[in-house]
Number of protein chains: 2
Amino acid sequence: MKVSELAKAAGVTAETVRHYTREGLLAPTRDPSNGYHCFDGQDLERLAFIQRARTLGFSIKEVRDILAHADHGDSPCPLVRDLLAQRLPEIRERIQELEALAARMEEALNAWADMPDGIPDGHSLCRLIESLPAPSTDQADATSAKEEA
Amino acid sequence: MKVSELAKAAGVTAETVRHYTREGLLAPTRDPSNGYHCFDGQDLERLAFIQRARTLGFSIKEVRDILAHADHGDSPCPLVRDLLAQRLPEIRERIQELEALAARMEEALNAWADMPDGIPDGHSLCRLIESLPAPSTDQADATSAKEEA
DNA sequence: TAAAACCTTTGGGTTACACAAAGGTCAAGC
DNA sequence: GCTTGACCTTTGTGTAACCCAAAGGTTTTA
């Protein structure tokens, strides 16, 4: 199988297959005549395995470690179990953060229903945002300031 | 105020202040004698504003746009309201995804209670992971495969 | 006056790919 | 036989919001 054939069979993009290959999760042979990557059924199974692991929230690095254990003949199960047990509370915390964020957003939208648009006057940039509680200037408080897209 | 003075006053790192300056959210003057950045009380207010905006989930780019509106004399309020209304359902969706992830992780941990560690045998890498539902190979399904740390 | 503490800019690292460029390969039709 | 289009290769860039290190100038302090 060539890159896009494997990709199609697994339902991912060819770029993803190349990425996993670059990262060492897949180790295809080469067709000596043209330098193309060659994948077989085992690679397809391996890719399906990677996808399942990803749905459990494992990072590429973690999956690489898991595969390395297995390739080395060791059971990766204890590692997987540990990672999972460790990650679960982190995910829960993340959910709490996002719920708090959603609550703040909702509150803000509601509060705004009663507030007129303000023209910036050098003191006020946007009343809505300025009406929020002041971010703590406490060094020790870093629990609420992490966000992404 | 110098960089770390402003940083301390606002409860962020000096690196963050420099980052916002590089990104154009803050526009300090320069001390001609040594080239140091000089911030004043307005900059501190502005930084507090940025922090509040960040707690609402706005990206640096969005904050820059909001500030640009205000600096230009236009009310950023409608923009802020739109961004907020648009982002809220996205956050909700993200929460659902993470809850589904947490559920999968829990299910996996529970299922494992009844499963022995397997030694990789060339067919099975990790029974737990392989016992998961197969990731859909359907191109049109991209709803569950997005994750981060 | 020398070290400690802080400033500057530049550049690299983090995640999991997506995308573009430049150039070789291959199957199909004319 | 040749063009065309689809696919392959590697390399490098971009994404978000910083963190950290290096190299070198400045200011403060002991």
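Chain A is the first sequence line, chain B the second, and so forth, proteins listed ahead of strands; every chain is numbered from 1.
Two residues, Ala14(B) and His19(A), neighbour DNA chain C, and the one matched to the more 5' nucleotide by heavy-atom proximity is Ala14(B). Nearest-nucleotide mapping onto DNA chain D: of Ile60(B) and Phe39(A), the residue sitting toward the 5' end is Phe39(A). Each of Thr16(A) and Asp31(A) has a nearest nucleotide on DNA chain C; the 5'-most of these lies closest to Thr16(A).
For dC26(C), the OP1/OP2 oxygens have a side-chain nitrogen or oxygen of Asn34(A) closer than 4.0 Å. Applying the 4.0 Å criterion to OP1 and OP2 of dC8(D), one finds that Ser4(A) has a side-chain N or O inside that range. Taking 4.0 angstrom as the limit, Arg22(B) places none of its side-chain polar atoms (N or O) nearer than this to OP1 or OP2 of dC19(D). Checking the phosphate oxygens (OP1, OP2) of dC19(D), a side-chain nitrogen or oxygen of Thr13(B) falls inside 4.0 Å. Checking the phosphate oxygens (OP1, OP2) of dA18(C), no side-chain nitrogen or oxygen of Arg18(A) falls inside 4.0 Å. When the side-chain nitrogen and oxygen atoms of Lys2(A) are compared with OP1 and OP2 of dC7(D), none of them lie within a distance under 4.0 Å. In this structure, Tyr20(B) reaches the dC18(D) phosphate: one of its side-chain N or O atoms is under 4.0 Å from OP1 or OP2. Arg54(B) has a side-chain polar atom (N or O) that falls below the 4.0 Å cut-off from OP1 or OP2 of dC18(D).
One interatomic measurement links the two molecules: CD of Glu15(B) to C1' of dG13(C), which rounds to 13 Å at whole-angstrom precision. The NZ atom of Lys8(B) sits 12 Å away from the P atom of dA5(C) (whole-angstrom rounding). Distance Arg64(A) CZ to dT15(C) C1': 12 Å, rounded to the nearest Å. Atom-to-atom, CD1 of Ile50(B) to P of dA16(D) comes out at 17 Å; the value is rounded to the nearest Å. Look at CD on Gln51(A): it is 10 Å from P on dC17(C), rounded to the nearest Å. Per the geometry, CD belonging to Glu5(B) stands 12 Å off C1' belonging to dT28(D), to the nearest Å. Lys61(B) has its NZ atom 15 Å from the C1' atom of dC18(D), to the nearest Å. Rounded to whole angstrom, the span from the CE atom of Met1(A) across to the P atom of dC26(C) amounts to 19 Å.
Here the side chain of Arg54(A) pairs a donor or acceptor atom with the backbone of Phe58(A) at under 3.5 angstrom. Listed for the Glu106(A) side chain is no donor-acceptor partner under 3.5 Å among the backbone atoms of Ala103(A).
Between Glu15(B) and Arg18(B) a salt bridge is recorded (basic side-chain N to carboxylate O distance below 4.0 Å). The residues Arg52(B) and Glu130(A) are annotated as not salt-bridged, no charged nitrogen and carboxylate oxygen being separated by less than 4.0 angstrom.
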Take Gln96(B) and Arg92(B) through the test side-chain contact (heavy atoms from CB on, under 4.5 Å) and record every step on the way to the result. CA-CA 6 Å; Gln96(B) 302 292 8; Arg92(B) 288 259 161 69; 5.6 Å; no
